[in-house]
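Here the structure comes first, spelled out in structure tokens, and everything after it is commentary.
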Amino acid sequence: MSACAGSKLPVKVLKIQKADGTEVEVKAEIAQKEAERNYGFMNRKKIPDGTGMLFVFEKDQILSFWMKNTPHPLSIAYLDSKGEIKNIFDMTPFSLAPVKSTVSCRYALEVPQGWFLAEGIQVGDIVQVK
């Protein structure tokens, strides 16, 4: 079991600016260290709507995530260094198949599957990551 399994990550309320000018908030755990990013939402059975996890990387790169040991269905948004959403994908619980960004990104935001769609959040919307 990872050292991160029992530790609490810092939580920040992120504002997402939609194309129509409205804002949506998500309460996100912040995973900055490699061990925190590697552990992510593993073994979490319930992730409430309106919450998520923001993965912060040191540099822009093609990002790749999987759902190893993750029972809760998730959606992932890949963001560039300015917080613009470049991709949104749904991910399958327990799948080892990589889900990759199509362009170099700095951040990934995981939320319960379907939350982005339900809130009208789309590619091009801006997550205020700083």
Identify the heavy atoms of [X] and [Y] that sit nearest to each other, and give their distance.
X      : Y      : result
Ser75  : Asp90  : OG-OD1, 2.6 Å
Leu54  : Tyr107 : CD1-CB, 4.0 Å
Ile126 : Lys82  : CG2-O, 4.0 Å
Gln61  : Ser101 : O-OG, 4.1 Å

Check: Can the ring centroids of Phe55 and Phe65 be said to lie less than 6.0 angstrom from one another?
Finding: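 Ring centroids of Phe55 and Phe65 are less than 6.0 Å from each other.
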So do [Y] and [X] actually touch side chain to side chain, heavy atoms under 4.5 Å?
X      : Y     : value
Ile30  : Val11 : no
Asn43  : Tyr39 : yes
Trp115 : Val26 : yes
Ile47  : Leu74 : yes
Glu25  : Leu14 : no

Is a side-chain donor or acceptor of [X] paired with a backbone partner of [Y] at a separation under 3.5 angstrom?
X      : Y      : value
Gln113 : Met91  : yes
Gln17  : Gly21  : yes
Ser95  : Thr92  : no
Thr70  : Lys68  : yes
Arg37  : Gln32  : yes
Glu119 : Phe116 : no

Item checked: Sidechain N-carboxylate O distance under 4.0 Å for Arg106, Asp60 ->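 The answer is yes: the pair qualifies as a salt bridge.
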Note to self: Please determine whether a side-chain nitrogen of the Lys or Arg among Glu84 and Lys86 lies less than 4.0 Å from a carboxylate oxygen of the Asp or Glu.
What the structure shows: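 Answer for the salt bridge query: yes.
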Next item on the list: Determine whether the side chains of Thr102 and Asn87 contain a donor N or O and an acceptor N or O closer than 3.5 Å.
Entry: yes
